[in-house]
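Here's the structure, in C-alpha cells; my notes come after.
For the single chain, residues carry numbers from 1 onward in sequence order.
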Amino acid sequence: MEKGVDFQITYVSEVGYNPVGGAKSLATYTDQVSVGATLDLEKLITLPNSLLQITYTERAGRNLVEDAGLDTLQLVQEVYGRGQTVRLTQFYLEHRFFNDLINLRWGRSAMGDSFAVFSCDFQNLTFCGSQPGNLVGNYIYNWPISQWGARVRVAIDGFGYVQAGAYDQNEQYLGFENKLWPVWYSGSTGVLLPFELAWLPTFDNGRLPGSYKIGAWYSTSALNDLILDVNGNLAALTGDPAMQRRGLYGGYLTFQQQVTRNSSSDPNAGLKLFLNAAVADGETSATSFQVAAGLLYTGTFSSRPHDSIGFAIGTTQVNHRLTDLQNLQNAMGLGPVPVRNSEYVMELFYTIAPVPGLLIRPNVQYIATPGATSQNANIFVLGLKSVISF
C-alpha cells in the first residue's frame, strides 16, 4: 500500500468425490476467482483515514450435491453457489475516526463480511463463512452476493468492540441483471439489522489471542409461515395460501481461542479451538439451528512450519414444526413423506503449504443422516481444496 493501491487475486478450487452414499458416485470440480483492489484514499486523494474496496468474483463448475443426488442440507463444496457467473462482491468505503475509535463502512457488501465472520478453511459449508447466511440463506446473503448497506463499529478500550448495521433486502441481488455494477434495485422488501458484541482478550502476554462474539439480527421483511395457512390451519392439508410472517430474527455466537503456541514461525502457530452456533426464528426458517466446533493446529512438523491440520464436527437441524408436520402426514396416510430431523457432518483436512500463497488441502467428509433423514444412506466425500493467492 506504499503507493495507495493494493491488488488481491485469489483462486480457489474444490474437487469432491463420493465413493459411498448418494444416488451415484461422481467426481465434480468447482472453482472461484476473486479479483480485488484496496485503494488508500488518504494517499490517493487526501481523504483522511479512508479506503475504497472493490472486489469481483467469478464462480464456475458443478455441484456434487446435485449431480450425485446427495440430498444434503449443506454443500460439500462451499465455493459453489449463488450462480456460476461474475458478480460485484464488494464496493464499499471505509472511514476511521478518532484514532480508530469509530469505524464506518458503507456501500455494497454482505452482512457476513462484518458480522459472525468466520474463515473458509473447511470444504463443507457447515464449517465455512458466516453461519447465519448458511442457516437462512433465503434472506441473508453471504459472499459472493453484495447488497447496499452500512455498519458502524465502536471500539471498547481493553475489551473489544460493539457494532450494528443495516442492509437492504431485495431478491434481485441474487439475479443476473446489472450484476457487475453497484446499482440500486427497486422493490426492496425490508431492512436487515444485525448487532454484534465482541470480546477480544489476549492471554499469556499476548501469545494466546481469543475472539468471543455474540450477535443477533432482525429483518423487517416478510416470509411465508413454514406450515400454517392464512387461517391458521395446516397449509399442507388445506392447500390454502400460506400465512405471512413479518419480522424475521435470530442470534449467533462465534468463539475462537488460541490455546497453545509452538516454535513455528507462522503467526497462527499452535492449537486453536472454535465454536459457532446460530438459531433462527421458528415461524419461517426451515433449518432453525446450526452448531459447529473444531480445532486447527498449525506447524504440525518442525520441517513444515506453515502446514496445518483441521477437524470439525457439526449439525444442522430442521425446524421441529416441519418435522412434526411430516410425522402427522405419514400418520394420516398422506405419505410416505421423508421425516427430517438433523444432519451431522465431520470433516478432517491436512493443509500442505509448499510456498507462500499456495495451499493444497486434501480432506475427508462424513455426513450422517444426509438431508436430516434416516432414509438417506450416510455419505463419505473425498475432497481436495486448493488456494492460490497473490
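Residues passing the ring-ring contact (aromatic ring centres under 6.0 Å, His included) test with F91: none are found, sequence neighbours excluded. For I388, the side-chain contact (heavy atoms from CB on, under 4.5 Å) test picks out Y11, L358, F390, with sequence neighbours left out. Among residues two or more places apart in sequence or in another chain, the side-chain contact (heavy atoms from CB on, under 4.5 Å) test is passed with I156 by F159, V162, L197.
None of R153, R105, Q53 except one satisfies the side-chain hydrogen bond (donor to acceptor under 3.5 Å, both in side chains) rule with E94; the exception is R105. When the options T55, D113, T57 are evaluated for a side-chain hydrogen bond (donor to acceptor under 3.5 Å, both in side chains) with T89, the one that passes is T57.
In this structure, F255 and Y212 have tilted ring planes: the angle between them lies in the 30° to 60° band. Taking the six-membered ring where the residue is Trp, H95 and F97 present tilted rings, their angle falling between 30° and 60°.
Under a cut-off of 6.0 angstrom, the local environment of CG in D157 is sparse, with at most 12 non-hydrogen atoms contributed by other residues, nucleotides or ligands. More than 12 heavy atoms of other residues, nucleotides or ligands shown are found within 6.0 angstrom of CZ on R321.
The disulfide bond (SG atoms under 2.5 Å apart) contacts involving residues 224-310 comprise nothing, where partners must be two or more places apart or lie in separate chains. For residues 23-127, the disulfide bond (SG atoms under 2.5 Å apart) pairs, not counting sequence neighbours, are C120-C128.
Geometrically, R87 engages F176 in a cation-pi contact, judged by NZ or CZ lying under 6.0 Å from the ring centre and within 45° of the ring axis.
Under 3.5 Å, the side chains of T38 and Q8 contain a donor-acceptor pair of N or O atoms.
Look at D71 and R340 and you find a salt bridge, because one of the NZ, NE, NH1 or NH2 atoms lies within 4.0 Å of a carboxylate O, short of that distance.
Taking CG of L275 as the start and CG of L253 as the end, the distance is 5.5 Å to the nearest 0.5 Å.
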Determine all donor-acceptor pairs shorter than 3.5 Å in which one atom belongs to a side chain in residues 135-142; sequence neighbours excluded.
from, atom 1, to, atom 2, distance (Å)
Y139, OH, W217, NE1, 2.9
N142, ND2, S130, O, 2.9

